[in-house]
Amino acid sequence: MFGLFGKSKKEFQAIIKPSGKTLEVKAGDNLLKAGLAAGLRWPHDCRVGSCGTCKCRLLEGKVKELSDFAYVLDGDDLNRGMILACQAQLKSDVAIEVELNPGDEDGAGVSTTTGILSATRMLTHDIMELKITIDQPLREEGGHYLAGQYADISFPGISHPRSYSFAAAPEDDRRNELTFFVRKVPNGELTGWLFEGDRTGSPVTVSGPYGSFWLREGDGPVVCIAGGSGMSSIKALLEHAANMGCNRDIIYLFGARTQADLYCLDKMSALEQEWYSGNTLRFIPVLSDEPDNSNWQGLRGMVTEHIPDQLKDWSSTQAYLCGPPPMIDAAIKSLRQQGVDQNNIHFDKFLDASSMPNGRQ
Ligand code: FES
């Protein structure tokens, strides 16, 4: 007998304005997922309803909120009909207005591939480098990903995917190999398993690329600030900038607890030396918990305390921040106090895995 319970779940359509493109949104999928799968350059970062980057305007139709939009969107946004695409499932056909990232849709899609964990290497006592050999490139055209983006990684037997940033410039990774940095999380299901034994040869599924964190065009100085495994995105971004012949001054403040938590020092030193004549890259590690009587000659304290000293004129500065939310919030506050335009501050928050299904680690 057919009644309500026998009715099949529906697929709805979303008309995306101003382009007029039509998306088929499968039952159970959110609007952002459908947009990315169709190759739209839909701005997004967290995909879990916390950053607000995917916001768009609902012009017609009805959506179901997977989490409360008001958690991220303010009253003005809500009154204008703004919604979060990553937290919206369709209850009817809809019309949506969204400002997509510039660029061609060709080759911008998200894909999923299988592969194996081909190598691991400890970078510090709690950060491991993973090399994953994949069966298919994530994108056929234009490189796997943009430096600064991230992927979802799943291992069999681990309850859900985890998100990690690509840790090398796309042109430096081989076409079938991806590099990630993984920090051990106390009581973390995936990292507990990963750090417990030799997991090389394990099958893995990778999907992506995701995120809107990449180096924007510009002439002014660039300030990068990262902490812990946030090194991954900034390293990829700097390598890519070097490969492209970037002729801008860059300051990279990296926060760690002690000297034992520093890594990629040789790579940073090589980048500093090969930076383009007339411009400089300065890598500045800052230690927060280094013993007072150690041989450390560098900066101490919280990395964000040292932001104001780095430049005199901040007017044309772009900032790129990558790491845990408290560091990013403090960095944004300090940068805004220096006069950096909000639109020139780009960040990738590593949300706590315990509170977010795909939390960055
Ligand atoms: S709120 Fe949707 S991508 Fe962050």
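Indexing begins at 1, ligand by ligand and atom by atom, following the structure's order.
Counting only residues at least two apart or on different chains, the salt bridge (charged side-chain N to carboxylate O under 4.0 Å, His left out) pairs with a member in residues 218-238 are K235-E239.
Relative to the six-membered ring of Y210, R47 meets both conditions, a distance below 6.0 Å and an angle of at most 45° to the axis.
Here K349 pairs with D329 in a salt bridge; the nearest charged N to carboxylate O distance falls below 4.0 Å.
Of the candidates Y145, Y150, W214, F166 forms a ring-ring contact (aromatic ring centres under 6.0 Å, His included) with just one, namely Y145.
At a cut-off of 2.8 Å, measuring from atom 2 (Fe) of ligand 1, the protein N, O or S atoms that fall short of it are C54 SG, C86 SG, waters left aside.
In this view, F283 and Y252 satisfy the ring pair (Phe, Tyr, Trp, His ring centres under 6.0 Å) rule, not counting sequence neighbours. Taking P326 as the reference, P324 meet the side-chain contact (heavy atoms from CB on, under 4.5 Å) condition, with sequence neighbours excluded.
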